[in-house]
Enquirer: 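Before I ask anything, let me first share the structure, which is written out below as structure tokens.
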Amino acid sequence: MKIATFNVNGINGRLPVLLRWLEEARPDVVCLQELKAPDARFPVRAIEQAGYGAIWYGQKSWNGVAILARGREPIETRRGLPGEAEDTQARYIEAAVEGLLIGCLYLPNGNPAPGLRYDYKRRWFARLLAHAAELRALDVPVVLAGDYNVMPTELDVHKPERWVDDALFRPEVREAFHTLTAQGWTDALRARHPGERLYTFWDYLRRAFARDAGLRLDHLLLSPTLAPRLTAAGVDRAVRGWDKASDHAPVWIELDPARPAWRRKPKA
DNA sequence: ATGGCCTGTATGACAGGA
């Protein structure tokens with residue numbers, strides 16, 4: 001089973017790129033961020049024609065998240081993170097797909113830091129930590145996938161020294177990400193590629209992609225029972241070089257199908 | 001050090017992004 005996350009940076013402007021990638025990569029589940037479209041302008045017919053069921057949580061101009069499932073309909077379990085009723089930004093949607101719980105998130109950018117926008121990012125992250133702890137306690141297989149707007153370590157930044165005061169790299173947000181993994185969540189891409197420089201975002205400016213001056217911002221986190229089923233993970237870098245590309249590339253994982261306990265081989 | 005680039009919008013200049 002292949003699960004992917006892709007910050008599309010505008011679902012309508014990016015539709016040809018998204019459809020081409022869906023056809024080539026054939027992911028089973030896809031988390032999308034930055035739809036930048038209200039619910040009524042989500043291109044549901046084109047997505048259905050590509051063979052995907054979808055749920056989405058949009059808003060005009062900014063943010064917006066969606067979950068696609070190949071050949072089936074995601075069962076929505078939540079829209080919006082709990083904990084701040086007055087938060088109207090469309091940044092979280094969650095669904096059950098094929099026995100998995102999929103949380104699709106778009107964490108706030110938070111710049112400039114310090115400031116109100118950074119405060120919002122930290123509050124949002126705290127709410128994510130609380131919700132992630134609740135999901136952990138359910139003891140069901142969960143994937144938390146999306147644009148976290150955090151480079152977890154220096155290995156995840158082209159030039160770390162230039163980012164130390166940035167909202168994507170400040171100690172508080174790196175610490176929050178570490179708190180999440182300390183809850184028992186596995187950073188799937190890093191688990192499969194320890195010590196390797198892998199980026200998921202390249203700025204439109206300064207020929208960043210050509211120079212490979214990137215950031216690793218898009219992550220798939222696995223609950224403890226899922227981690228042993230992880231067989232592969234990668235970044236579809238080539239998509240970043242396509243015409244009219246998003247500034248993010250899709251990130252994906254492969255999971256072995258679940259097997260009943262009595263079929264598993266006992267430890268040697 | 002600066003500016004360079006994208007998106008969507010009651011557009012021709014914004015805000016927001018990272």
Side-chain angles (χ1 to χ4, degrees), chain A residues 5-19 21 31-43 46 56-66 87-92 104-125 128 146-174 176-177 189 197-219 235 237 239-251:
Chain A
T5 182
F6 187 14
N7 178 325
V8 288
N9 187 11
I11 183 114
N12 288 302
R14 211 67 68 199
L15 195 55
V17 168
L18 175 63
L19 294 175
W21 171 71
C31 294
L32 298 176
Q33 302 86 33
E34 279 207 86
L35 305 179
K36 293 186 168 182
D39 282 338
R41 296 210 53 218
F42 185 85
W56 59 94
Y57 177 25
Q59 74 179 79
K60 196 173 79 171
S61 303
W62 316 117
N63 312 317
V65 284
D87 184 2
T88 55
Q89 300 190 25
R91 295 182 175 275
Y92 187 84
C104 171
L105 63 108
Y106 176 45
L107 219 131
N109 173 305
N111 275 307
L116 289 176
R117 305 172 67 84
Y118 190 61
D119 296 341
Y120 174 63
K121 178 177 197 165
R122 293 192 63 190
R123 286 202 311 279
W124 206 95
F125 219 146
L128 178 64
D147 179 355
Y148 283 71
N149 267 318
V150 178
M151 299 84 91
T153 72
E154 296 205 337
L155 188 59
D156 304 312
V157 199
H158 174 61
K159 288 237 164 92
E161 65 279 8
R162 289 192 186 172
W163 291 87
V164 287
D165 292 324
D166 192 280
L168 280 67
F169 198 53
R170 284 172 65 104
E172 301 88 1
V173 291
R174 276 190 272 170
F177 188 87
L189 195 72
R197 279 203 177 272
L198 283 167
Y199 300 134
T200 68
F201 164 92
W202 298 262
D203 206 306
Y204 288 121
L205 301 142
R206 293 166 293 223
R207 298 177 52 255
F209 185 55
R211 296 185 296 117
D212 197 26
L215 308 171
R216 191 170 74 96
L217 303 178
D218 303 272
H219 311 298
V235 182
R237 280 181 58 101
V239 177
R240 179 62 180 83
W242 291 356
D243 193 38
K244 301 274 283 176
S246 168
D247 39 8
H248 295 249
V251 187

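Reminder, nothing fancy here: chain letters follow the sequence lines and each chain counts from 1. What you see below is based on every heavy atom in this structure, not just the backbone, and it leaves out hydrogens, waters and symmetry mates.
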Enquirer: Specify the separation, in whole Å, of atom CZ of R91(A) and atom C1' of dG16(B).
Expert: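 After rounding, the gap between these two atoms is 10 Å.
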Enquirer: Taking CG in D165(A) as the centre, count heavy atoms belonging to other residues, nucleotides or ligands within less than 6.0 Å. Is the count above 12?
Expert: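 It does not: D165(A) CG has 12 such atoms or fewer within range.
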Enquirer: Select one nucleotide: of dA10(B), dT7(B), dG17(B), the one nearest the side-chain heavy atoms of N9(A).
Expert: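 Closest nucleotide among those given: dT7(B).
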Enquirer: Rounding to an integer number of Å, can you tell me how far D165(A) CG sits from dA18(B) P?
Expert: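 Result: 19 Å.
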Enquirer: Base, sugar-phosphate or nothing for D247(A)? Non-hydrogen atoms, less than 4.0 Å.
Expert: nothing
Enquirer: Please report, rounded to the nearest Å, how far the C1' atom of dG17(B) is from the NZ atom of K121(A).
Expert: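 My rounded result for the distance is 12 Å.
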Enquirer: Rounded to whole angstrom, note down the C1' distance from dA1(B) over to dA13(B).
Expert: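 The answer is 26 Å between these two C1' atoms.
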Enquirer: Rounded to the nearest angstrom, tell me the gap between atom CD in Q33(A) and atom P in dA18(B).
Expert: 10 Å
Enquirer: Considering every strand and a 4.0 Å limit on heavy-atom distances, what is the contact class for N7(A): base, sugar-phosphate, or nothing?
Expert: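 Here N7(A) touches the backbone only, sparing every base.
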Enquirer: So what does H158(A) touch, heavy atoms closer than 4.0 Å: a base, only the sugar-phosphate, or nothing?
Expert: nothing
Enquirer: Mind checking whether W56(A) and F42(A) have parallel, tilted or perpendicular rings, split at 30° and 60°?
Expert: parallel
Enquirer: Within the 4.5 Å heavy-atom criterion, are D247(A) and R240(A) side-chain neighbours or not?
Expert: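 The answer is yes, as the side chains (C-beta and beyond) meet within the 4.5 Å cut-off.
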Enquirer: Could you check whether the side chain of N109(A) and the base of dA18(B) have a donor-acceptor pair of N or O atoms closer than 3.5 Å, going by distance alone?
Expert: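 Flag set: donor-acceptor pair detected.
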Enquirer: What's the closest nucleotide to the side chain of R206(A) if the choices are dG8(B), dG3(B), dC6(B)?
Expert: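 Between dG8(B), dG3(B), dC6(B), the one nearest the side chain of R206(A) would be dG3(B).
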Enquirer: Could you state the atom-to-atom distance from CZ of R211(A) to P of dG4(B) in whole Å?
Expert: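 Atom-to-atom, R211(A) to dG4(B), this comes out as 16 Å.
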Enquirer: Output the single nucleotide from dA18(B), dG4(B), dG16(B) whose closest atom is nearest the side chain of W62(A).
Expert: dG16(B)
Enquirer: Hey, which sits more toward the 5' end of DNA chain B by its nearest nucleotide, R14(A) or L168(A)?
Expert: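 Here R14(A) is the residue nearer the 5' end.
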Enquirer: Measure the shortest side-chain to side-chain distance between E34(A) and Y106(A) over non-hydrogen atoms and say whether it is less than 4.5 angstrom.
Expert: yes
Enquirer: Decide yes or no, distance alone: a donor-acceptor N/O pair under 3.5 angstrom between the base of dG4(B) and the side-chain of R207(A).
Expert: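 No such pair is found, so the answer is no.
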Enquirer: Using every non-hydrogen atom in the two residues, find where R14(A) and V8(A) come nearest and quote the distance to one decimal.
Expert: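 Taking every non-hydrogen atom into account, NE-O, 2.8 Å.
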Enquirer: Check the distance between dA1(B)'s C1' and K159(A)'s NZ and give it to me in whole angstrom.
Expert: 14 Å
Enquirer: So, is Y106(A) close to the dA18(B) phosphate, meaning a side-chain N or O under 4.0 Å from OP1 or OP2?
Expert: yes
Enquirer: Quick check on ring pair (Phe, Tyr, Trp, His ring centres under 6.0 Å): which of H158(A), H248(A), H219(A) does F201(A) satisfy it with?
Expert: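 Of the listed residues H158(A), H248(A), H219(A), the ring pair (Phe, Tyr, Trp, His ring centres under 6.0 Å) partner of F201(A) is H248(A).
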Enquirer: In whole angstrom, give me the gap between the P atoms of dC14(B) and dG3(B).
Expert: 16 Å
Enquirer: Scan Y148(A) against the nucleic acid and name what it touches under 4.0 Å (heavy atoms): base, sugar-phosphate only, or nothing.
Expert: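 No contact at all - Y148(A) keeps every heavy atom at 4.0 Å or more from the nucleic acid.
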Enquirer: Relative to the 5' end of DNA chain B, which residue comes earlier, G13(A) or R117(A), by the nucleotide with the nearest heavy atom?
Expert: G13(A)
Enquirer: So if I take every side-chain heavy atom of K244(A) and compare against dA18(B), dT9(B), dT7(B), which nucleotide ends up nearest?
Expert: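 Among dA18(B), dT9(B), dT7(B), the one nearest the side chain of K244(A) is dT7(B).
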Enquirer: Does OP1 or OP2 of dA18(B) have a side-chain N or O of H248(A) closer than 4.0 Å?
Expert: yes
Enquirer: Please give the distance between the P atoms of dC6(B) and dT2(B) as a whole number of Å.
Expert: 22 Å
Enquirer: Name the closest nucleotide to the L205(A) side chain, picking from dA10(B), dA18(B), dG4(B).
Expert: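 Of all the options, the side chain of L205(A) is nearest to dG4(B).
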Enquirer: With no hydrogens and no angle check, do the side chains of N9(A) and Y204(A) hold a donor and an acceptor under 3.5 Å apart?
Expert: yes
Enquirer: If you compare all heavy atoms of G146(A) against all heavy atoms of Q33(A), which two are closest, and at what distance to 0.1 Å?
Expert: CA-NE2, 3.3 Å
Enquirer: For dA10(B) and dC5(B), measure between their P atoms and round to the nearest Å.
Expert: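 Here dA10(B) and dC5(B) have their P atoms 25 Å from each other.
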Enquirer: Out of dA18(B), dT9(B), dC5(B), which nucleotide sits closest to the side chain of Y204(A)?
Expert: dC5(B)
Enquirer: Roughly, in whole Å, what's the span from NZ in K60(A) to P in dT11(B)?
Expert: 10 Å
Enquirer: For the pair made of CZ in F6(A) and P in dT7(B), what is the distance, rounded to whole Å?
Expert: 13 Å
Enquirer: Mind checking if D147(A) touches a base, just sugar-phosphate, or nothing, with heavy atoms under 4.0 Å?
Expert: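 Sugar-phosphate contact only.
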Enquirer: Considering only dC6(B), dT9(B), dA18(B), which nucleotide approaches the side chain of P38(A) most closely?
Expert: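 Shortest atom-to-atom distance from the side chain points to dT9(B).
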Enquirer: Checking all strands, does D166(A) fall into the base, sugar-phosphate, or nothing category for heavy-atom contacts under 4.0 angstrom?
Expert: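 If one applies the 4.0 Å heavy-atom cut-off, D166(A) turns out to touch nothing in the nucleic acid.
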Enquirer: Which listed nucleotide (dA18(B), dG17(B), dG8(B)) is nearest to the side chain of L215(A)?
Expert: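 Ranking dA18(B), dG17(B), dG8(B) by closest atom to the L215(A) side chain puts dA18(B) first.
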Enquirer: Answer with base, sugar-phosphate or nothing: what part of the nucleic acid does R162(A) contact at a heavy-atom distance below 4.0 Å?
Expert: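 Answer is nothing: R162(A) stays at 4.0 Å or more from every strand.
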Enquirer: Please report the distance separating the P of dA18(B) from the corresponding atom of dG8(B), rounded so that it comes out in whole Å.
Expert: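 Those two atoms are separated by 14 Å.
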